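Letters A, B, ... are given to chains in the order of the sequence lines, protein chains preceding strands, and every chain is numbered from 1. Quick note: numbers below take in every heavy atom, side chains included, and nothing from hydrogens, waters or symmetry partners. Computed from a prediction, not measured in an experiment: that's the story for all the values here.
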Amino acid sequence: MSGLVLEVVSIRPGAAAQPLFAPLDLTVAAGSITTLMGASGIGKSTLVDFVGGHLAAGFEATGRVLLGGRDVTRLPAEARRIGILFQDALLFPHLSVGDNLSFGLAQRIGGRRARRIAVEAALDQAGLGGFHDRDPATLSGGQRARAALMRTLMADPAALLLDEPFSKLDPALRSELREFVFDHVRARAIPVLLVSHDREDASAAGGPVVLLAER
Amino acid sequence: MTAADGRWMRLCVLGIVLAGLVLPIVTGLWQTGRAAFGHLPAVGAVSISLDPWRALAALPGLWRSVALSLWTGVGSTALSLLLALALAGVLNGRLSAGRTARLLAPALAAPHAAVAIGLAYVIAPSGWIARLLSPWATGWQVPPDVAIVHDTAGLSLILGLMVKEVPFFLLVLLSAQGQIAVRASLAAGRALGYGAGTAWWKLVVPQLYPLIRLPVFVVLSFALSVVDMAMLLGPSNPPTLAVAMTRWFLAAETRLILPASAAAFLLSGLVAAAIALWLAGERAVAALGRVWLRRGRRGRVAERGLVLAGAVGAVLAALAAAALASLLVWSVAWRWSFPDAWPESWSLGAWMRPAAGWGPAVVETARTGVVATLLSLALAIAWLESEDRAGLGRARWAEALIYLPLIVPQIAFLFGLSIALLGVGLPAGAPAVIWGHALFVFPYVMIALSESWRALDPRLVRSAAALGAGPWRRLVAVKLPVLSRPILTAAAIGFAVSVAQYLPTLFLGAGRVATLTTEAVTLASGSDRRITGVYAVLQAALPFAAYLLALLLPAAMRRRRGLAAS
């Protein structure tokens, strides 16, 4: 039972409003990438917010989120161990590329040297060797996205949400980055939920595809 | 062509700013500097020497005054900033920006002097807090003989400054928060396992701070050189350097003027040193912060820090509210002997004879404030419009020019300026006071208006141009009406700044111009809390009325034009 399970999840944008989509039941097995598709504006990002624990005030949600058999619905975002790769690869502008990664690195890796080594190794894996002290603003879109993924993985998440992480990249870069992201997350053997409106994302992910239905 | 038109307009604005704003400051500093080295023909000193400095060094309590200024100035600024950063974290996501700004308005509108007087009435041994606890909890039948207000360590002064500066920092932070991705940063941090409070300190604060650096220096300079609040709450013997030198400047013996000028010079150096110290502190904090960040700890200390800040903030807000309320209660009290929490009898006596005092002061204050604000507003609009027309952004030096009057300590150039004015045959009096106020009103109006002016949807102006409207019609028929709310808000802020001015009125009015602020400060050293209360209430009420007007007027104007409010 190491999967990510959503049970009859329903979200309304206000107490009096209609639900965004029909109640959703979904199981994402560990090691698989499940793609959740739906028309734009149906509430895919809101669902990601709900699962990750970031739902904005004003939204009303029902249903449960279970991770590895544990109910995390009431837990704050930071206690869920659910990593998110956002649409804009938001690197913290006040930190260097390397420090962005060390900010993500799990705290059980102690000692300045050990942490630095872990960060450099991750940078190398992402093809960003030698970028430790670079200002994130000087990175290209693809480099930023790779750095953001490494930062997310360094926190050692128990599940991963990908919120249309490729939609803002140009087509040539998109397939290359997809491959990079999918390779890295498959190696982790954790449940991964990809939210997208792009069919190519779904076929590249190679896992189950679920359609978010209108209510 | 509008671009050429704009360049010409820009030159005009720059000329006015240089002549009206920079020149008086530079002249004032120059005159003060000459007096500091012994040259002041008005008192018969014409030689250049170090005598004023020797006289200054020989004045009793000088070094203690210097130390007090540094301690209260740097201490209050650092504490206010820390608390405001924490409170912004507490309020973030709980209270909308608009509502926070409205809640802060009364604290921002109340002048320093009124807050200081009210605070003294609350925390003094005979104040409201002691009264509420006596005699049942303390056993006091008479006020205890301890120095709370005017304490030698300057703690009351620090508290008073914090009551005013924390809301100011919060407002500045509120607008800075609009410029960075606060929500996304916090979400990214929490997805990596950091609590909201830890993510606030590690991710949001480092992005916010660079955006509010100039306002921090403004507060630092102000806190080091503040006179009215330091007279009302600060240590009295010796007082802070700014208060000491004001006493020397205004002393009956004119021989004290030269060392006072040297002290003004010293204070400018002190402000510069404090800013240098602060910059060094910034680097140290940044270096330590980086180490802290790299360790990747997901602890919960920061969360508890935010809870504590929320509690301290609530206490400060309660003190501010009690301070303003105590002014009102005292102004209508008749008999109010010590341990009683409320007056035994009430009277409107202090309010009954406006002609005998507060009436003329209200007129003088309002007139000075309105004229200084209108002048500043006109110049600010001309500046912003000329930027639009010339199609140029604001250079860094231009931004620095706006902040100049707020960072150079007032006292360092105001006295020199009054001498310079005499020298060129411009007498002290109401016009000089209005000018002196405008020096400080203009920067605030400019800062308040710039952001909304730039945020104006450019498509509106382009649409008007496409319909054949020229630059003037675009300004009058589109920009000004659309921006009426921020313009009125900027005007209210400017008016509040003018009402609060103490030193410019004192030095440039040569004692002939009596505003609510100068009167309230003078009266506060006397014993009649009722009369003082009346002046302080009015002093706080005028800016508040201006804020209220700025809030209500746009809605009323819309209604008159037949546009529904919602």
Checklist entry - Who passes side chain to side chain contact (heavy atoms under 4.5 Å, CB included) against Arg80(A), sequence neighbours left out? => result Val72(A), Leu75(A), Ile82(A)
Top contributor to chain B contacts, counting heavy-atom pairs under 4.5 Å, from [options]:
| options | result |
| --- | --- |
| Gly98(A), Pro93(A), Gly83(A), Ala79(A) | Pro93(A) |
| Ala106(A), Gly52(A), Gly53(A) | Ala106(A) |
| Arg81(A), Arg116(A), Arg151(A) | Arg151(A) |

Counting only non-hydrogen atoms closer than 4.5 Å, does [X] touch chain B with its backbone (N, CA, C, O), its side chain (CB onward), both, or neither?
| X | value |
| --- | --- |
| Leu95(A) | side chain |
| Phe103(A) | both |
| Pro76(A) | both |

Item to check | Interface moiety of Arg183(B) toward chain A, non-hydrogen atoms closer than 4.5 Å | outcome: side chain
Next on the checklist: Given heavy-atom pairs under 4.5 angstrom as the criterion, report whether the side chain, backbone, both or neither of Ala181(B) touches chain A.
Outcome noted: side chain
Item to check | Residues which pass side chain to side chain donor-acceptor pair (under 3.5 Å) with Arg108(A), listed by chain and number, not counting sequence neighbours | outcome: Asp156(A)
Provide the closest heavy-atom pair for [X] versus [Y] in the form atom of the first, atom of the second, distance.
| X | Y | result |
| --- | --- | --- |
| Pro19(A) | Ser10(A) | CB-OG, 3.6 Å |
| Pro136(A) | Arg144(A) | O-NH1, 3.8 Å |
| His54(A) | Ala77(A) | CE1-CB, 3.5 Å |
| Ala309(B) | Leu83(B) | O-CD1, 3.7 Å |

Checklist entry - Hey, is Arg298(B) close enough to Glu78(A) for a salt bridge, meaning N to O under 4.0 Å? => result no
Checklist entry - In terms of heavy-atom pairs under 4.5 Å with chain A, which of Gly93(B), Pro210(B), Ser185(B) leads? => result Ser185(B)
